[in-house]
Amino acid sequence: MSTRDWPLWEVFVRSRRGLSHVHVGSLHAPDAEMALRNARDVYTRRQEGVSLWVVPSAEIVASEAGQREEFFDPAADKIYRHPTFYEIPEGVEHL
Amino acid sequence: MSAEVSFDELLADDGRVEPRDPMPEDYRRSLVRQIAQHAHSEIIGMQPEGNWISRAPSLRRKAILMAKVQDEAGHGLYLYAAAETLGVDREDLLDQLHTGRQKYSSIFNYPTLTWADVGAIGWLVDGAAIVNQVPLCRCSYGPYARAMIRVCKEESFHQRQGFEILHTLAHGTPAQKAMAQDAVDRYWWPALMMFGPPDADSPHSAQSMAWGIKRFSNDELRQRFIDMTVPQAEALGLTLPDPELRWNAERGHYDSGPIDFTELFEVIQGNGPCNAQRMGHRVRAHEDGAWVREAASAYAAKQAARAAGEVA
Ligand SMILES: [Fe+2]
Ligand SMILES: [Fe+2]
């Protein structure tokens, strides 16, 4: 396996407890252990994280960019899902 | 909806292009060239300063310099990763660097003769890089813009540590002050050339602006850098080697003397003081590190085989 065949890993960092892991970038590494070590060195040199995830890029299933409309548009005409859709009489509070 | 239309609409909206979006081939190719060249500059840029790590004047300065040089390696990685989202392979980009088919910033072909040069590089070279890179945080290509945000966050320490080195030297013995002045004298003009040729001779700029990759012209950015730097030089008690440098109240900018771009073109052509040395060192470092990559690959293969054996 030359470095050309090293899989690509996506790196996610939890910046502090209570927050979700957020995608920060990617890197190549021969295995998960090296991916974690390299992710620490590349993405958390300034204590940017308290937890790291590395995920093989090939394992990510993504929605199709070309089918964005048919995939997401069904939510567009359901504005009654938002609280601002409703009319509330003047003076009613805590609603 | 044709791909071209949605790309144009996205740009017109100041939206961001993401890796799987349709994009014109010229846009993709131009981004690959720019991001690769940027990545190469980050990693070649480790050499002039790396030259002084073992001779830093104190443990504090040594730790700082190592952290800075490590950051530059990180910047290279962020950028190679951004380039790879465009469908190229890092190995191929490194290959193109090593065979001279892709370039890196000419600023790194100047030697670091004294410790003060480390200060001048941080203050002027990283300073100029920041002015170039801040607008790239809003570049139309998402992965490049995000990489630039990380880079810019880290750069400001680079510039400050350089300024601090020069400030210390400039307030030291007369010999130390002279050393600081000499470093600034040698790095000022090359730093100004980091912004590229004058707008009139910059053929790719207009297209780059139209694509939302470049946001300001070379001359605008150069002027911004000069305006920021002149008062800082005064604070250091050092002079900048341009007799024509003076405040122009009418323009609200500093006027400056002409830049000798023939020198820049010489350095780009490979005739700078350190071109051969930088490339030689880079190729050697890559070859000398081959066993580490091979060992990591062999270990991963062995572990995978063992895991497969356990399952079977
Ligand atoms: Fe950098
Ligand atoms: Fe830097």
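Residue numbers begin at 1 in each chain, while the letters A, B, ... track the order of the sequences. A quick note: this is a predicted structure, and the numbers were derived from the prediction, not measured.
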Under 4.5 Å from a heavy atom of chain B, the part of A:Ala62 involved: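 Answer is both: backbone and side chain atoms of A:Ala62 are under 4.5 Å from chain B.
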Contacting moiety of A:Glu33, where chain B heavy atoms sit under 4.5 Å: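 It is the side chain, since no backbone atom gets that close.
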Chain B-proximal positions within residues 71-89 of chain A [heavy-atom distance under 4.5 Å]: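 Residues in range: none.
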Interface moiety of B:Arg150 toward chain A, non-hydrogen atoms closer than 4.5 Å: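 Only the side chain of B:Arg150 comes within 4.5 Å of chain A.
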Side chain / backbone / both / neither for B:Glu84 at chain A, heavy atoms under 4.5 Å: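 The side chain, not the backbone.
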Taking [atom1] in [X] as the centre, count heavy atoms belonging to other residues, nucleotides or ligands within less than 6.0 Å. Is the count above 12?
{"X": "B:Arg20", "atom1": "CZ", "value": "yes"}
{"X": "B:Arg160", "atom1": "CZ", "value": "no"}
{"X": "B:Glu25", "atom1": "CD", "value": "yes"}
{"X": "B:Leu59", "atom1": "CG", "value": "no"}
{"X": "A:Arg17", "atom1": "CZ", "value": "no"}

Sidechain-backbone polar pair: A:Ser57 side chain, A:Leu8 backbone, donor-acceptor under 3.5 Å: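 Looks like yes, one N/O pair under 3.5 Å.
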Most chain B-contacting option - heavy-atom pairs closer than 4.5 Å, from A:His28, A:Met34, A:Arg46: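 That would be A:Arg46.
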Contact winner vs chain A - B:Arg90, B:Glu154, B:Lys153, B:Gln70, heavy-atom pairs under 4.5 Å: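 Most heavy-atom pairs under 4.5 Å with chain A: B:Glu154.
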Test: B:Glu287 and B:Arg284 ion pair at under 4.0 Å: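 B:Arg284 and B:Glu287: not salt-bridged.
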Aromatic ring pairing B:Phe163/B:His167, orientation class (parallel under 30°, perpendicular over 60°, tilted between):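 The arrangement is parallel - the two ring planes meet at less than 30°.
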Ring centers of B:His40, B:Tyr80 separated by less than 6.0 Å: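 That pair passes the under 6.0 Å test.
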